[in-house]
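Each remark here refers to the structure printed beneath this line.
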Amino acid sequence: MSGKIRFAPSPTGYLHEGHLLSALYVWAAAQKWDLEIHLRIEDHDQSRARDNYVQSIYQDLARFGFKWQSQSIQSSRTSLYESALAELEKRNLVYPCFCSRKQLEAENPKSETGEIVYQGKCLALSKTDSPIAQDVPHNLRVIVPDRIIHWHDLRLGDFAENPKQQCGDFPIKDRDNQWTYQFAVCVDDMNEGITHVVRGEDIRNSTARQIALMELLGRTTPPVYMHHPLIVDSSGKKLSKREMAHSLRQDLESGISPEQLLGNVCFKAKLAPTTAPLPLEKAINLVAGLL
Ligand code: GLU
């Protein structure tokens, strides 16, 4: 094996067709590039994660025949996140932010993608030595360097992005004391020795900030990245759990075969000309042919 790739679903709902497509890309990349597969359950947001969804991820992937070599779950890795945070704190790279959502909206500009670009108001606050009232809700932000990150996507080409201008200093722990996705994923990708990241295009904007944060945490060679196209619904919007996208579990339980679901997904993703049933191996080969 020449490296390690991960599949990293969040257990905040049942898996849907979007996950199935992502899994096909991950397993295809692993086959093509001879990588070990790691299954990471991204339950960093304990207010939304549910144990039955965690169990359903293991079960549903197994029903399709997906196999992985190792697995982890973020809720059991708190001490790693704590020590990464302590490392950043030691270097004065973290500060509490007391801004409410309303203030954030009113006081900061937006990037061209519509994201709030935090201007560092609370950084100035902590510099004036104002006492941090621990009972006042706050998040913790990391100070990101003001510089362009150059990175390459195997499908989309070269990017030059400055996280300071995309989003500004971003939260690594939220107001509810939960580790953020950006922070947990960086610590995990580093600590779990992930060499390849293949995931949906909707997360592409996170890549430069993740590379910047990993650099602060000491990883100088970032993973190889590839962001795959998403399946869109009939109105052109991506599928999401929030919008109650149909779950694979519902379909499996209603008697639709995994092969039929794979055929449907490959058709919707324009990988196959029809919805004819596809065995897993064939579906993976189809995607591997695109890499
Ligand atoms: N947990 C994220 C999701 O469910 C994936 C994050 C990633 O691959 O970096 O979409």
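Whatever order the structure lists ligands and atoms in, that order sets their numbers, starting from 1.
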* Asked: Taking atom types as modelled, is there a side-chain donor on Q182 or Q210 under 3.5 Å from an acceptor on the other?
  -> yes
Of all the atoms in ligand 1, which lie at a distance below 4.0 Å from a heavy atom belonging to [X]?
| X | result |
| --- | --- |
| A8 | 1 (N), 2 (C), 3 (C), 4 (O), 5 (C) |
| R199 | 7 (C), 8 (O), 9 (O) |
| E42 | 1 (N), 2 (C), 5 (C), 6 (C) |
| Y181 | 6 (C), 7 (C), 9 (O) |

* Asked: Quick one: do E161 and R209 make a salt bridge, cutoff under 4.0 Å?
  -> no
* Does even one non-hydrogen atom of Q210 get within less than 4.0 Å of ligand 1? -> no
* Asked: Looking at E17, H228, R199, which hits side-chain hydrogen bond (donor to acceptor under 3.5 Å, both in side chains) with S22?
  -> H228
Give the table of side-chain donor-acceptor pairs shorter than 3.5 Å for residues 84-92, with sequence neighbours excluded, one pair per line with atom names and distance.
residue	atom	partner	partner atom	Å
R91	NH1	L216	O	3.0
R91	NH2	L216	O	2.8

* To do: Would you kindly specify which portion of V197 sits under 4.0 Å from ligand 1, judged on non-hydrogen atoms: side chain, backbone, both or neither?
  => neither
* **C122 and R141: CA distance, side-chain angles, deciding distance, side-chain contact (heavy atoms from CB on, under 4.5 Å) verdict** => CA-CA 9 Å; C122 289; R141 290 183 187 267; over 6 Å; no
